[in-house]
J.: 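Okay, here's the structure, questions in a sec.
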Amino acid sequence: MTFKSILDEIENNLNKVLSDLPISDVVFSVEPSKPGFGNVSSNVSFLLAKQLKKSPQHIAEMLSEKYSHCANTLVLKSEAHPSGYLNFFANWDKLTQLILSESYLDTFGDVDIGKNSTIVVEHTSVNPNKALHIGHIRNIVIGDTISRILKKANYKVNILNYIDDSGLQVADIIIGFKHFGYDQEPPDGKKFDHYCGDDVYVKTTEKYETDSSLEDVRKNVLKELENGDSETAKFADKITRRVLAGQLETCWNLDVSYDCLNFESQIIRSGLWDKIFENLKEMDLIEFENEGKNVGCWVIRGDNKEEDKVIVRSNGTATYIAKDIPYAAWKLGLLEDPFNYEQYGKEQPSSRVLWQTTLNDSNPVSQNFTGEKVITVIDSRQTRLQKIITSLMGKFKSIPDAYVHLGYESVTLSSETAKTLGLETDGKQAQMSGRKGLYVSADSVYEILKEKTKEETLRRHPEMDGDEIEKIAHYVSVGTLRYEMIKQDLDKIITFDLIKSLSLEGDTASYIQYAYARASRILEKSDRVPSINVDFSLLTEDSELDLIKNIGLFNLQVRDAANNLSPKVIARYCHDLSVAFNSFYEKSKVLDLGDENLENSRLCLVNSLKITLEKSLNLLGIKTPDRM
RNA sequence: GGACUCGUUGCAUAGCUUGGAUAGUGCGAUUGCUUGCGGAGCAAUAGGUCGCCGGUUCGAAUCCGGUCGGGUCCGCCA
């Protein structure tokens, strides 16, 4: 039961002590201490100060005295700190044994928040008209990491990628191919998604500025896209699927995979909208306007200060946000499923089976990718619209927080990086723009990182063969990219700088992977199979106990990350584990000590660290090379 | 005009949900540590009125109100 055991023991005992006192209930904290204040601390005396009309320090002393009469197995002693905190010191022999034995189990770090219920995580959802850029990567990595964490928290996770294949952005590249004669084959073996985004899309939209007659062409193409039988729609389907294939290559390369691809064009043609429209009317969630600026439209009333939102235009067509409503309801399993399913044409490297929706019913296969809860990862510019969806879904589904919009701030370009792309910003950061061609593609960042890590690895290991270097460079560059995208808070803007992103020192994935490689090498050189049948009382150094404590915090960190949908919690945990291990590594030698018992105890600890680091990095989708 | 969000050392960031002890970390700067289980490392020094003002409290980076500065959103576009 890890470090939580001692927290539970203290909490139970404190509750017993308090039950003998003439006080009303208080909710106190029992937490791991800051360094230098014992191992566990409680704020209980502060909370009682008012009721008992005594100073926190007095109360702490009184509680400490009473606590010493409690039955303790994991606590050695308690101590009243002059500040008023009540600090506890662990019985490390027992606690170490508990934590290290648990860490060897496959289930280590598992927490049960989901109770095996289903949850949908939707992420990526990039228009299939361009290659993924570094901003999209933040979405993808957040979504993938959250999925992994929720799975660890005992949810059954369905991962969806929504393919918006019928919007304006798709119309634009279709115009490029159809009206400006862009070749369907990219030049010099360029990836098709890059070709569409860099060349066709950017150059086509440039022409809108000089030729206003194109606006009509654009509208017509958009209309034709909605009709599945039109020549234009069939052509667009072909093109967008080729782009999608390119985008998926990029995602797979980052160790991201999906369960199902949902095509917007099919949602539109499925008739789901008509059903949800009827529901909305029946439940009085939308109203028809008889007067005012929105006369003739169906609208959702804004909350007090907010404007009404038009859902159906006066000409009877649905607006952008309206398309999201049936999809959100579908994800929650509120609508009868109009789709059949077929497997995607190519296997995912993770070998997870990838399905896609289809309206073709010649060979009907049904699947269920809905969930009791839904998490939609979209950047925070969409917060306003997502709020409306969330509120609507709250009226359809009774469980709280059934539909969650997981928002995050965007990735901008540093002025230096913007400059290399030809934009002078006066020292300010710049928003990326697919339309203007102002972006750094995910594939190019990966390639540059990989070149650098290859050089670095080769310099350290001239003897290594090419395949192994390739593999290590891949692991390190994917790890670096993923770690940079989730190590900070979701609502902090990431200013991406191409040069700074190449750093492999300090708070980076490679620092953590390096710690792992060090641990691996010790175990490899030991020529022994690490065992948990060792003398735990030999592990007494501060650096050893600190490492054990950190290992024991794993499940608490997973719980925190899952409850708060916060990937950075795990990122910080991986970093903390590595710091603790590197510090141990400098202070305590493991091999050639001339004391077999101590060696075995330390090997047991090193192996425990290795297992824990591997498991926690796995939650971040970061691989662990044994050498690097 | 309205709403949301960010503001912590030269730069970047943690801590804020649940108020208490010495505000933690990385980059950069200065200085040490490689005949040692791998220096992508370790140890140490310098650098902070937690944007500003006020309130609540015995106690505020943390809660509340206001204010300033940066960013974003607010269409019968998608």
Side-chain angles (χ1 to χ4, degrees), chain A residues 27-29 31 33-37 41 43 45-47 49-50 55-56 81-85 87 127 164 166-171 219 222 289 293-299 302-303 305-307 309-321 323 379-385 387 407 409-410 412 428-429 431 453 456-457 460-461 476 487-489 491-495 497 500 503-515 517-526 563-564 568 572 575-576 578-579 582-583 585-593 599 602-603 606 627-628:
Chain A
V27 182
F28 54 88
S29 72
E31 294 170 330
S33 305
K34 289 203 233 177
F37 295 103
S41 303
N43 67 350
S45 4
F46 295 111
L47 305 175
K50 201 161 227 173
S55 75
H81 190 270
S83 64
Y85 268 102
N87 294 329
N127 286 106
D164 182 0
S166 52
L168 215 49
Q169 297 201 20
V170 169
K219 265 182 197 150
L222 196 58
E289 283 286 14
K293 62 173 185 173
N294 293 331
V295 61
C297 301
W298 287 90
V299 303
D303 295 345
K305 280 178 187 167
E306 290 186 11
E307 298 259 326
K309 190 77 204 163
V310 173
I311 296 298
V312 178
R313 303 184 186 98
S314 53
N315 68 5
T317 57
T319 57
Y320 171 67
I321 181 177
K323 291 179 191 165
D379 77 79
S380 52
R381 282 176 297 200
Q382 301 260 12
T383 301
R384 189 63 60 103
L385 292 180
K387 237 181 178 168
E409 271 296 342
S410 51
T412 63
K428 282 189 172 180
Q429 47 183 257
Q431 284 285 336
T453 44
E456 187 75 25
T457 314
R460 288 156 194 273
H461 302 286
V476 174
K487 76 173 180 187
Q488 62 284 79
D489 203 84
D491 45 32
K492 238 145 197 166
I493 295 169
I494 294 180
T495 306
D497 186 279
K500 287 183 184 157
S503 166
L504 298 173
E505 287 165 14
D507 186 9
T508 61
S510 48
Y511 172 88
I512 300 165
Q513 288 171 319
Y514 185 68
R518 280 176 144 183
S520 293
R521 293 291 279 168
I522 292 176
L523 292 164
E524 198 183 307
K525 290 206 167 183
S526 79
N563 277 333
N564 295 306
K568 75 172 174 200
R572 298 195 68 76
H575 183 255
D576 291 346
S578 307
V579 169
N582 277 332
S583 174
Y585 185 91
E586 296 290 330
K587 283 172 195 147
S588 311
K589 210 162 152 22
V590 178
L591 302 178
D592 306 322
L593 297 173
E599 280 179 27
R602 287 187 176 165
L603 276 171
V606 171
R627 303 176 68 186
M628 59 185 280

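Chain naming here is simple, since letters A, B, ... match the order of the sequence lines and numbering starts at 1 in each.
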J.: Tell me the interatomic distance from A/His461, atom NE2, to B/rG38, atom P, rounded to whole angstroms.
T.: 10 Å
J.: Between B/rG41, B/rU72, B/rA78, which nucleotide has the shortest distance from any of its atoms to the side chain of A/Glu586?
T.: B/rG41
J.: In whole Å, measure the gap between the P atoms of B/rG1 and B/rC58 for me.
T.: 39 Å
J.: The side chain of A/Lys323 lies closest to which of these nucleotides: B/rA40, B/rG39, B/rA78?
T.: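 When the side chain of A/Lys323 is considered, B/rA78 is the closest of B/rA40, B/rG39, B/rA78.
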J.: Check salt bridge (charged side-chain N to carboxylate O under 4.0 Å, His left out) between A/Lys309 and all other residues, then give those that pass, not counting sequence neighbours.
T.: none
J.: Applying a 3.5 angstrom cut-off to the pairing atoms, does RNA chain B sit in any stems of at least three consecutive Watson-Crick or G-U pairs? List them by first number.
T.: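 Stem list for RNA chain B: B:1-7 with B:68-74, B:10-13 with B:24-27, B:29-33 with B:41-45, B:51-55 with B:63-67.
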J.: Output the rounded distance in Å from CE (A/Met628) to C1' (B/rG39).
T.: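 It works out to 13 Å between those atoms.
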J.: Tell me if the side-chain of A/Ser583 makes a donor-acceptor pair with the base of B/rC42, cut-off 3.5 Å, by modelled atom types.
T.: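 Not at all, since no donor on one side and acceptor on the other fall under 3.5 Å apart.
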J.: From C-beta outward on A/Lys587, which listed nucleotide comes closest to its side chain: B/rA40, B/rA43, B/rC37?
T.: B/rA43
J.: Who are the salt bridge (charged side-chain N to carboxylate O under 4.0 Å, His left out) partners of A/Arg518, not counting sequence neighbours?
T.: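 A/Arg518: salt bridge (charged side-chain N to carboxylate O under 4.0 Å, His left out) contacts with A/Glu586.
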J.: Looking only at atom types and distance, does a side-chain atom of A/Thr457 sit under 3.5 Å from a main-chain N or O of A/Thr453, one as donor and one as acceptor?
T.: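 Checked: pair present.
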J.: Does the protein touch nucleotides 9-25 of chain B at the base, only the backbone, or not at all? Give it as B, S and - per nucleotide, heavy atoms under 4.0 Å.
T.: ----SSS-B--BBB-BS
J.: How close or far is atom C1' of B/rC77 from atom CG of A/Asn127, stated in whole angstroms?
T.: 13 Å
J.: If you check every side-chain atom of A/Tyr514, which of B/rG38, B/rC76, B/rC77 has the closest atom?
T.: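 For the A/Tyr514 side chain, the nearest candidate turns out to be B/rG38.
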J.: List every contact pair, protein side and nucleotides 2-5 of chain B side both N or O, where the distance is under 3.5 Å.
T.:
{"unit_1": "B/rG2", "atom_1": "N2", "unit_2": "A/Arg384", "atom_2": "NH2", "d": "3.3"}
{"unit_1": "B/rA3", "atom_1": "OP1", "unit_2": "A/Lys305", "atom_2": "NZ", "d": "3.1"}

J.: How many whole angstroms separate atom CD of A/Gln382 from atom C1' of B/rU72?
T.: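 Atom-to-atom, A/Gln382 to B/rU72, this comes out as 12 Å.
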J.: Please report the distance separating the P of B/rC50 from the corresponding atom of B/rC11, rounded so that it comes out in whole Å.
T.: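 That atom pair is separated by 16 Å.
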J.: Which residues pass the ring-ring contact (aromatic ring centres under 6.0 Å, His included) test with A/Tyr511, sequence neighbours left out?
T.: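 A/Tyr511 satisfies ring-ring contact (aromatic ring centres under 6.0 Å, His included) with A/His575 once adjacent residues are dropped.
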J.: With a non-hydrogen cut-off below 4.0 angstrom, is A/Ser520 in contact with a base, only sugar-phosphate, or nothing?
T.: nothing
